[in-house]
Amino acid sequence: MSLFWEDARNDQEFMEDTVSDVMDYALMQGLLLRTKEQPTKSEVVNYFPIALLPSPVPKALFDEANAVQQDFNLLVDLVSQDYGFLEGALESTVKADNFIAQLFSIYKHVVKEGLAQSVFLGINRSDYMFHCEADGTTALKQVEINTIAAAAGGLSSKITNVHRYVLNIIGKSKEASELPPNNPSRGIGDGIETAWKLYGSEKAHIMVMVEDKIRNIFDQRSIEKELWKRNICVVRRSLEDVSERATLDEDRRLYIDGHEVAVIYFRTGYLPMNYHEQGWAARLLMERSRAVKCPDVATQLTGTKKVQQELSRPGALERFLPGNPEAVARIRATFAGLYSLDEGEEGDQNAAMAIKNPEQFVLKPELEGGGNNIFGDEIKHVLGHSKDHPGRTSYILMDKIMPHPIKTYLLKGGSNLILSNCLSELGIFGVYVRQGRDMILNEQVGHLLRTKSTEFTDGGILAGIHVLDSPYLV
């Protein structure tokens, strides 16, 4: 543990005195969030929930997470091109999960019709925690990979600036200068711009797919700002807008309000509640188009928990990365135990294992956004009631990652400064662009650290559990 952190923790009165300054600086930096009461308006905002001080992160594990990101980018892209693998991996899931079934139905349609899209853009975020092994060492273990609407890239560079400010206030200028640089917005903007240029129409727009109620709008606006700086026109539209006002021409070029769309950047569409009947029709229309989807439906399916579990099986990584044992080893080292709950002997054995020792596992449904995972005795309840029932296959089972907690200060809007035992989760942003079979761009573009109190089992920033943080490498 770094000395500055111990000093600060033991001087709570001084920390409380800095809160007003930190809140002002966070607002100045644009670390903003709409309120729960007015999620459609920006007239009243608050600062984003943050950790008051950067949290210690093992440098070796931080470097490992950054080093493996290009491997994950490549893996996601290769899996998204393999219809047979996705069909087999998701066969049981589509029977039990209507949302995944709807997405797969669209995927099946566009594959049968033939893809019009020739340029592919991926913006993903691979999330990790730092697992304490039995011998006392710490290992990097992947929680999940997000292939749609990977958020907070627009805010994570801003929290670094806030923490530099705090460290300077407490007389730790050297430590402030050592915080790792971070600007995911720029890297994400580079990826979108590259895809836009490859599409080949300077007058075509970028269309950001959004919801009506968006508390985290300033994160999205940070990405849009990057594009406007490059003289690229950006429009924000909902699924309803597309269903009512978008068309395809005979070459399957997509138009909305009379303007051609080059790139569709999804910041919605990852939850069942995002869709209605017209919404599903709009998604199919977009998938059939020539426009670059970020993600296309195949890449969204690649990010499902079930695919994550299937990729952990022996030989699965070698299928996609033959002749690249180094990449296979880097990826496999990050996997926690992942177990199928499909109907049959294997699923029965895994369910029984979890029911016997529920504290060792997490039950994960195909839902994003935080607050959906199942822990402890609730695992016994769910799996016990789903025995011999196909609903079990809408989940996967995962070893519970056991990090070592630290004490740190949490600052949330409308609450006092709280000193709490906390756990952190590190996300690494990756961007890739492929044209035909040629990988044009494959980069790691930044990081995100989120921290939560140990009183919570599940996570999520907008769920009110995690706060934004930045890593101090130790």
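For the numbers below, each heavy atom of this structure counts, side chains included, while hydrogens, waters and symmetry mates do not. Residue numbers start at 1 and run along the sequence shown.
Classification of D342 and K306 as a salt-bridged pair holds, one side-chain N sitting under 4.0 Å from a carboxylate O. The pair D438-R434 does not count as a salt bridge, with every side-chain nitrogen at least 4.0 angstrom from each carboxylate oxygen. The pair R221-D219 fails the salt-bridge criterion, with no side-chain N (NZ, NE, NH1 or NH2) lying under 4.0 Å from an Asp/Glu carboxylate O. Using a cut-off of 4.0 Å between Lys/Arg side-chain N and Asp/Glu carboxylate O, R313 and E346 are scored as salt-bridged. Between R236 and D241 there is no salt bridge, since none of the side-chain N atoms of the basic residue sits less than 4.0 Å from a carboxylate O of the acidic one. In summary, K203 and E260 do not engage in a salt bridge, as defined by a charged side-chain N under 4.0 Å from a carboxylate O.
A heavy-atom distance below 4.5 Å is not found between the side chains of L301 and V307. The shortest side-chain heavy-atom distance between L410 and L52 does not fall under the 4.5 Å cut-off.
Every salt bridge (charged side-chain N to carboxylate O under 4.0 Å, His left out) that R230 has, sequence neighbours left out, goes to D190, E193, E226. Taking A327 as the reference, D71, L321, N324, R330 meet the side chain to side chain contact (heavy atoms under 4.5 Å, CB included) condition, with sequence neighbours excluded.
With no hydrogens or angles considered, no side-chain donor-acceptor pair links T35 and R215 at under 3.5 Å. With hydrogens and angles left out, the side-chain atoms of Y107 and D296 include no donor and acceptor closer than 3.5 Å. Checked by atom type, the side-chain pair N124/Q69 shows a donor-acceptor distance below 3.5 Å.
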**Study point:** Step-by-step side chain to side chain donor-acceptor pair (under 3.5 Å) determination, S470 to Y472
**Key:** CA-CA 7 Å; S470 54; Y472 182 78; over 6 Å; no

Review point. Stepwise, does the side chain to side chain donor-acceptor pair (under 3.5 Å) test hold for Q81 with D77?
Key: CA-CA 7 Å; Q81 298 175 64; D77 183 53; 3.1 Å; yes

Point to revise | side chain to side chain donor-acceptor pair (under 3.5 Å) between Q70 and N442, worked out | key: CA-CA 6 Å; Q70 287 177 302; N442 180 5; 4.6 Å; no

Check your understanding: Can you list the steps and then say if S424 with T451 is a side chain to side chain donor-acceptor pair (under 3.5 Å)?
Key -> CA-CA 4 Å; S424 293; T451 295; 2.7 Å; yes

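Residue G347 comes nearest to R392 through the heavy atom pair C-NH2, 3.5 Å, listed as atom of the first residue, atom of the second, then distance.
With ring centers used as reference points, H447 lies under 6.0 Å from F62.
In D251, the CG atom is crowded: over 12 heavy atoms of neighbouring residues, nucleotides or ligands sit closer than 6.0 Å. Heavy atoms of other residues, nucleotides or ligands lying less than 6.0 angstrom from CZ of R252 number more than 12. Other residues, nucleotides and ligands contribute only 12 or fewer heavy atoms inside 6.0 Å of the CD atom of E277. Heavy-atom neighbours of E202 CD from other residues, nucleotides or ligands within 6.0 Å: at or below the threshold of 12.
Relative to the ring axis of F266, R283 places its NZ or CZ within 45° and under 6.0 Å from the centre.
Using bins of under 30°, 30° to 60° and over 60° for the plane-to-plane angle, the ring pair W280/F99 lands in the tilted bin. Taking the six-membered ring for Trp and thresholds of 30 and 60 degrees, F85 and F320 have ring planes more than 60 degrees apart, a perpendicular arrangement.
Sorted by first and then second residue, the salt bridge (Lys or Arg N to Asp or Glu O under 4.0 Å) pairs involving residues 84-94 (not counting sequence neighbours) form an empty list.
Here the CD1 atom belonging to I264 is positioned 15.5 Å from the CZ atom belonging to R267, to the nearest 0.5 angstrom.
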